[in-house]
Amino acid sequence: MTTQIKSLLLDTRLPRLEVRMLLEHVLAKPRAWLLAHDTDPLAPETAAAYQALAQRRLAGEPMAYLLGQREFMGHMFRVTPDVLIPRPDTEVLVETALECVAGQSAPAVLDLGTGSGAIAISIALARRDARVMASDVSAAALAVAAGNAWELTASVRFVEGSWYDAVPAGEGFDLIVSNPPYVASDDPHLGQGDVRFEPRGALTDGADGLEDLRRIVAGAHRHLKAGGALWMEHGWDQAEAVRGLLAAAGFTDVHSRRDLAAIERISGGRWPGRG
């Protein structure tokens with residue numbers, strides 16, 4: 001029996017928007033085309049491709065992995081199960097980063113644990129004069145990030161290694177940003193929703209959720225220029241603890257900023273010595 005597009009558009013197992021997005025993906029056609037050709041027959045292999053994706057979605061796999069992409073800061077990023085899915089909450093980190101280097105000529109920026117490269121690339125695209133370096137311990141993640149930089153024509157230098165171990169000796173930065181693993185290893189959310197499919201090492205530090213944040217704060221002074229800033233994303237209930245880490249390490253102007261849900265999503269401060 002021949003399958004028509006409209007029969008799949010009426011698939012009630014998934015939300016209508018997800019059905020349409022999956023069909024657009026397997027057909028490589030926009031919504032308007034689908035509606036204008038809803039009585040067209042589908043090739044058996046195309047119908048099978050849709051059904052395979054639908055089954056994966058029904059099993060809980062994130063749409064971003066099924067479609068292979070996710071929008072962030074107005075740009076489309078390729079994503080795979082090797083990297084976290086970029087989320088709107090993280091846009092406040094990019095916006096704050098750009099504020100930190102506003103007025104500076106050719107600022108040097110370091111993104112630690114870059115994943116898909118969404119943060120570093122977004123900064124590089126907004127500030128074409130910036131010298132942006134991005135690190136990750138995962139070679140697979142760096143391959144995704146480098147591919148995104150190529151597709152989006154962003155100038156980013158990628159380096160492999162764990163946190164500051166990846167940074168070449170003698171490099172100094174006006175700004176360091178990071179969205180590190182900050183979920184506690186015993187957090188039940190690790191077994192729920194989309195995060196079940198995301199790389200566990202990019203979600204949790206295997207400890208209390210503050211371990212990698214501590215490492216980043218502790219090592220920042222060796223890589224920040226005088227007056228440089230450090231900003232990090234963290235969990236919804238970690239802002240006070242992260243502000244404490246920053247203050248204890250000697251940072252000034254320590255404060256947090258809220259995301260669109262009014263949650264204290266990022267915290268940062270400035271290394272003393274300028275202005």
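Ring centroid separation for the pair His255 and Trp231 comes in under the 6.0 Å cut-off.
For residues 130-146, no residue pair satisfies the side chain to side chain donor-acceptor pair (under 3.5 Å) rule, not counting sequence neighbours.
The 12-atom threshold is not exceeded at CD of Glu240, counting heavy atoms of other residues, nucleotides or ligands nearer than 6.0 Å. The environment of CZ in Arg196 is crowded: more than 12 heavy-atom neighbours from other residues, nucleotides or ligands sit within 6.0 Å. With a 6.0 Å radius and a threshold of 12 heavy atoms from other residues, nucleotides or ligands, Leu58 has its CG atom above the threshold. Atom NE2 of His37 has more than 12 neighbouring heavy atoms from other residues, nucleotides or ligands inside a 6.0 Å radius. Taking a 6.0 Å sphere around CH2 of Trp33, one finds it holds more than 12 heavy atoms contributed by other residues, nucleotides or ligands.
Contact check on Arg222 versus Glu171 returns no salt bridge, with no Lys/Arg side-chain nitrogen under 4.0 Å from an Asp/Glu carboxylate oxygen. Between Glu198 and Arg70, none of the side-chain N atoms (NZ, or NE/NH1/NH2) sits under 4.0 Å from a carboxylate O, so this pair counts as no salt bridge. A salt bridge is defined here as a Lys NZ or Arg NE, NH1 or NH2 lying under 4.0 Å from an Asp or Glu carboxylate O, and Asp129 with Arg127 meets this definition. Using a 4.0 Å cut-off between charged nitrogen and carboxylate oxygen, Asp38 and Lys6 do not count as a salt-bridge pair. Ion pairing of Arg270 with Asp253 is absent here, as no side-chain N (NZ or NE/NH1/NH2) approaches a carboxylate O to less than 4.0 Å.
To the nearest 0.5 Å, the span separating NE2 on His75 from CD on Glu151 amounts to 14.0 Å. Once rounded to the nearest 0.5 Å, the distance linking CD1 of Ile266 with CD of Gln238 reads 14.0 Å. To the nearest 0.5 Å, atoms CD1 (Ile176) and SG (Cys100) are separated by 11.5 Å. Here the CD1-CZ distance, from Ile85 to Phe72, works out to 13.5 Å after rounding to the nearest 0.5 Å. The distance from atom CG of Leu67 to atom CD of Glu24, rounded to the nearest 0.5 Å, is 9.0 Å. A distance of 6.5 Å separates CD in Gln51 from CG in Asp11, rounded to the nearest 0.5 Å.
For the pair Asp82 (side chain) and Val144 (backbone), a donor-acceptor distance under 3.5 Å is absent. Between the side chain of Ser7 and the backbone N or O of Gln4 there is at least one donor-acceptor pair closer than 3.5 Å. In terms of modelled atom types and a separation under 3.5 Å, the side chain of Arg57 and the main chain of Glu61 share a donor-acceptor contact.
Among residues two or more places apart in sequence or in another chain, the ring pair (Phe, Tyr, Trp, His ring centres under 6.0 Å) test is passed with Tyr50 by none. Residues meeting the side chain to side chain donor-acceptor pair (under 3.5 Å) test with Glu91, sequence neighbours left out: none.
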- request: Please step through salt bridge (Lys or Arg N to Asp or Glu O under 4.0 Å) for the pair Asp165 and Arg215, ending with a clear verdict.
  value: CA-CA 11 Å; Asp165 292 345; Arg215 291 192 181 100; over 6 Å; no
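In this model, a donor atom of one side chain and an acceptor atom of the other lie less than 3.5 Å apart for Asp111 and Thr114. Between the side chains of Tyr182 and Glu233, at least one donor-acceptor pair of N or O atoms lies under 3.5 Å. Looking at Arg243 and Ser256, their side chains do bring a donor and an acceptor atom within 3.5 Å of each other.
For the side chain to side chain contact (heavy atoms under 4.5 Å, CB included) test with Leu53, the passing option among Leu14, Leu66, Leu23 is Leu66; the others fail.
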